[in-house]
Amino acid sequence: MAADKVDPIHQFHINKIIPIDIGNYDLSFTNSSLFMVVVVVMTGAFFYFATSGRGLVPSRWQSTAELLYEFTGSMLKDAAGTHGMKFFPFVFSIFMFVLAANMFGLFPYFFTVTSHIIVTFALAMLVFCVVIVCGFIKHGFGFFKLFVPSGVPLILMPLVVLIEVISFISRPVSHSVRLFANMLAGHITLKVFAGFVVTLSTMGAVGIAGAVLPLAMAVAITALEILVAALQAYVFAILTCMYLSDAVHPGH
Amino acid sequence: MADRKRPGETGETGPGQWSKGDIRDDELERRRRELEASLAARSPKGLEGEEKAKTGSLAGYGQALKLSSEFIAGIAVGVGIGWMIDRLAGTSPWGLIVFLLLGFCAGVLNILRSAGLVAGFGQSGRPADPKND
């Protein structure tokens, strides 16, 4: 980064680490891919070591893993019922990936995978496709009952169904935009406040005295970002649960 | 009659006027509570989890992002569908116009749904009502 110019967007820049071009496709291994691999490996390693002891009285690592397991399990059971527990591995993987990616993104100089909409959109589309495929496998054309609210006059039915279909299709969009926007906005805010500190402190003694305020703000926002990172992973997971619950029982 | 409504002016039946006002307030309060109860009975049960923390500026910020993303998603999907129909069927610009409006409706529906004011997918709008059909 330039010496005196602070660019808050620079942190989202994607660099190719290993350029790979197959045909017309750019399949390069980028810093984003690197951090996805890091997230997956770290999460996998955490659960491997945390569950390797399998004590009746859990160690600290094991009880953390159990806590995460039970948290996700009760979340899924509340939203989708006991039938929804088939989806537990799926929901748990998504929750852990998003949580770990959000948390890793908070380290300085680390890349935040979930601050790119294509990543969150891919996750949301995965959920959307799972909902549709499982809904059709389980209910066949009864899945379409999802789009037909009961108690609507017959004349209004085509319009209402069309609106319901658009509303259904818009779910992966809002699902992905919410996570992406939160992460992007948080990281930019943090960077801007940190930039104030750097810029002000070059202005002599008065600047250094003034830089205390944005510094305090940056510290406060860092704490807030940890909360947002956890909260957004939770929101992403609970929305996944609610969408899956539609696949398990449409029409209720 | 007009001066009776102002208790400070005449001063003859001040306490009586006040108690009358209190009674009227009680009546209003009772009606308000009834309205609230019937509204609560009509609206679906709130979404779990997400809505737990409603106070505080952070929750407000989260709520704002959530609702705006829901609304924008509805419109964006409507526009996307309309644009694709126009491209495939060559009906430009009618598909875009119609589906933009439908997308707007879907966005509003999304907002109401995520605010817990409308029942979820595949449910009737008024869960408190007995089944009609």
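When reading the values below, keep in mind they use all heavy atoms of this one structure, side chains included, and skip hydrogens, waters and symmetry mates. Since the structure is predicted, the reported quantities are computational estimates derived from the model, not experimental observations. Per chain, numbering begins at 1; letters A, B, ... match sequence-line order.
- Within 6.0 Å of CZ on B:R32 lie more than 12 heavy atoms contributed by other residues, nucleotides or ligands.
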Subject >> Trace of the side-chain contact (heavy atoms from CB on, under 4.5 Å) decision for A:V177 with B:I72 >> reply: CA-CA 9 Å; A:V177 163; B:I72 292 167; over 6 Å; no

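- Atom CG of B:L35 is surrounded by more than 12 heavy atoms from other residues, nucleotides or ligands within 6.0 Å.
- Residues A:R171 and B:V77 have side chains not in contact (no heavy-atom distance under 4.5 Å, counting atoms from C-beta outward).
- Counting non-hydrogen atoms of other residues, nucleotides and ligands closer than 6.0 Å to CZ of A:F88 gives a total above 12.
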**OP:** Determine, stepwise, if the pair B:N110 / A:S170 fulfils side chain to side chain donor-acceptor pair (under 3.5 Å).
**Re:** CA-CA 9 Å; B:N110 280 347; A:S170 77; 2.8 Å; yes

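- For A:Y69, the OH atom is loosely surrounded, since the number of other residues' heavy atoms within 6.0 Å does not exceed 12.
- Put simply, OG on B:S68 and CZ on A:R178 are 9.0 Å apart, with the number rounded to the nearest 0.5 Å.
- In this structure, B:L109 CG and A:F168 CZ are separated by 13.5 Å, a value rounded to the nearest 0.5 Å.
- At a 4.5 Å heavy-atom cutoff, the contact between A:I166 and chain B is made by backbone and side-chain atoms alike.
- Summarising the geometry of A:S174 relative to B:S69, their closest heavy-atom pair is CB-O, 3.6 Å, with the distance given to 0.1 Å.
- Interface remark: B:L102 contributes backbone and side-chain atoms alike to the contact with chain A (heavy atom separation under 4.5 Å).
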